[in-house]
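Comments concern the structure below.
The analysis underlying the following values was restricted to heavy atoms, covering all of them including side chains, and did not include hydrogens, waters or symmetry mates.
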Amino acid sequence: MERTRSSRRSPPPKKRSSKPRATIESLNGDIICIIFSSLGFFDLVRCSAVCNSWNAIINRCKLLQLLYCKLHGFSNTSGSSLRLHLEELAMKHHRFALEESRIDIDQWKAHSVGVDQCRMKRGLILTGVGDKVMRLWSLEGYKCVEEYSLPNAASLVDFDFDESKIVGLVGTRICIWRRNGLRSVFPSLEGTFMKGLCMRYFDPEAVVGCEDGTARVFDMYSRKCSQIIRMHCAPVTSLSLSEDQLIISGSSLGSIAIAGLSSDQRVATLRSTDCTGIKTLCYNPCSRLVFAGTTAGYASCWDLRTMKSLWETRISPNVVYSLQHLQNDTSTLVVGGIDGALRVLDQNTGEVLSRCVMDIGSASSSSNKVSGVIERNEGRRLSAGCCIDRIPKTIRPPITCLAVGMKKVVTTHNSKYIRLWKFNYSDKYL
């Protein structure tokens, strides 16, 4: 007798409840305050930085003040005093994490071709240069939240971003992308814009370092070049801007020139014993220190208050491509270069505190619909006597750019992939 398929139908799918799911936004302030009161001190600090409403609740209930006083045996402390203590504690926490904690490295495919630039702010990573698009990534699940296409066939040279816009040097033009996706392009006047090699901006002005040794200042809203400042007799290879309107530039001949936006004259020149080209610059407004990395592997530091060199250290036999520090941190400096090792330096002495690479033997992976495949590895700290040349180059590709966040560093490697180094420091050490 021939068997027949059962005519019994599968039960209809259950209908989703029409009741809205409870979210943190639907809870009133008292309930949120009760939840926050069960958190540890550093978790509470992190929550206060998530959004204005959480910050207001935490401040209104004085949770941080009460917990801080309890931990340190104080009877009371003012709000301003607490903020200073919190900042000092956060920087101490950050330094210890970079110097001694366990390292986890997440790696994912970000572009279809190699990219070599990145910026990180407020939990977002912007990547580009090499591809025809820039992508904005959320650290929450490594989701690409926005994408910005380049105009025509022009190549992206440099970029930066803030809460409302992205500013990029594209060919011989400056482009501004609003975070809503609209793009504004203003071409320079003919004959006034030589080939640009680097760009930084500080509203309302963008400064372009040019191949002819000049820095050209553009008003981003009137779309005009307001100043041309002769900085070097060689190409300007790197730039940094200060809040007090100083332009700090490095050249391919190894000099660092300083000029003011209020004038069209160079006001000072910094030199080091290493005469090789300046590859990267950063400025710390809290300590007024300038840091530079060179093509010969040197890292150097100058104090702008005295215009004198503080230290100079050869940290690598090869090119230093990028160095950065966390905002408000006056303790540590993170450096990357052609040898692929991530180094942590003391800002005040130049001492190398730690050298890190990826440990390929610890790889695992996971995937989801949002971010694709995430490869997870552990980081390894190298001993002082370890010869980095003996480590396979496949696990230490050149670090072409890096950006520093609280207990984390993002790196690009002129490949399709970007890496997020997470320095996991337990709150039990607080």
Side-chain angles (χ1 to χ4, degrees), residues 117 119 121 126 128-129 132-134 136 146-252 255-269 278 280-283 285 290 304:
Q117 293 287 321
R119 307 287 183 264
K121 294 175 184 176
L126 183 64
V129 180
K132 291 301 179 183
V133 296
M134 290 183 289
L136 192 66
E146 294 173 15
E147 186 174 285
Y148 307 91
S149 299
L150 302 184
N152 303 322
S155 59
L156 180 65
V157 180
D158 206 349
F159 61 85
D160 206 347
F161 77 108
D162 57 37
E163 296 88 345
S164 62
K165 64 184 176 298
I166 293 165
V167 181
L169 175 59
V170 181
T172 58
R173 296 179 290 180
I174 293 177
C175 296
I176 300 175
W177 291 261
R178 300 298 174 186
R179 291 282 297 274
N180 60 11
L182 299 177
R183 185 182 71 230
S184 173
V185 182
F186 61 93
S188 62
L189 298 175
E190 186 177 354
T192 64
F193 197 158
M194 301 296 292
K195 180 180 179 182
L197 302 179
C198 51
M199 185 277 305
R200 291 291 182 269
Y201 76 92
F202 197 97
D203 265 337
E205 292 162 316
V207 181
V208 177
C210 297
E211 195 173 46
D212 64 354
T214 62
R216 295 171 188 256
V217 183
F218 292 86
D219 187 296
M220 293 191 292
Y221 304 103
S222 68
R223 304 185 178 189
K224 293 181 180 179
C225 178
S226 58
Q227 289 175 270
I228 301 176
I229 306 173
R230 170 63 61 182
M231 302 294 288
H232 303 275
C233 60
V236 177
T237 54
S238 53
L239 280 173
S240 186
L241 305 181
S242 73
E243 294 182 1
D244 49 356
Q245 295 194 318
L246 288 179
I247 302 173
I248 307 164
S249 66
S251 81
S252 60
S255 63
I256 295 176
I258 301 169
L261 280 171
S262 58
S263 68
D264 59 356
Q265 299 294 323
R266 183 177 57 194
V267 297
T269 301
I278 303 295
T280 178
L281 275 178
C282 72
Y283 171 67
V290 176
L304 283 194

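- With respect to Arg200 and Asp158, a salt bridge is recorded, a charged nitrogen being found less than 4.0 Å from a carboxylate O.
- For Arg119 and Phe161, the positive end is not near the middle of the six-membered ring at less than 6.0 Å and at most 45° from its axis.
- Judged by distance alone, the side chain of His232 and the main-chain N or O of Thr237 form no donor-acceptor pair under 3.5 Å.
- Between the side chain of Glu147 and the main chain of Val133, no donor-acceptor pair closer than 3.5 Å is present.
- In this structure a side-chain-to-backbone donor-acceptor pair under 3.5 Å is missing from Arg230 to Arg266.
- The shortest distance between side-chain heavy atoms of Val207 and Ile229 does not fall below 4.5 Å.
- Ile166 contributes atom CD1, which lies 5.0 Å from atom CG of Leu126 (distance to the nearest 0.5 angstrom).
- Counting heavy atoms from C-beta outward, Val290 and Leu281 have side chains that approach closer than 4.5 Å.
- Contact annotation: the side chain of Tyr283 never approaches that of Leu246 to less than 4.5 Å [non-hydrogen atoms, C-beta and beyond].
- Residue Met134 comes nearest to Gly128 through the heavy atom pair CG-CA, 4.4 Å, listed as atom of the first residue, atom of the second, then distance.
- What you find for Ala234 and Ser252 is that their closest heavy atoms are CB-OG, 3.5 Å.
- Residues Asp160 and Lys121 have side chains in contact (heavy-atom distance under 4.5 Å, counting atoms from C-beta outward).
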Quick one: do Tyr201 and Leu239 satisfy side chain to side chain contact (heavy atoms under 4.5 Å, CB included)? Show the steps, please.
CA-CA 10 Å; Tyr201 76 92; Leu239 280 173; over 6 Å; no
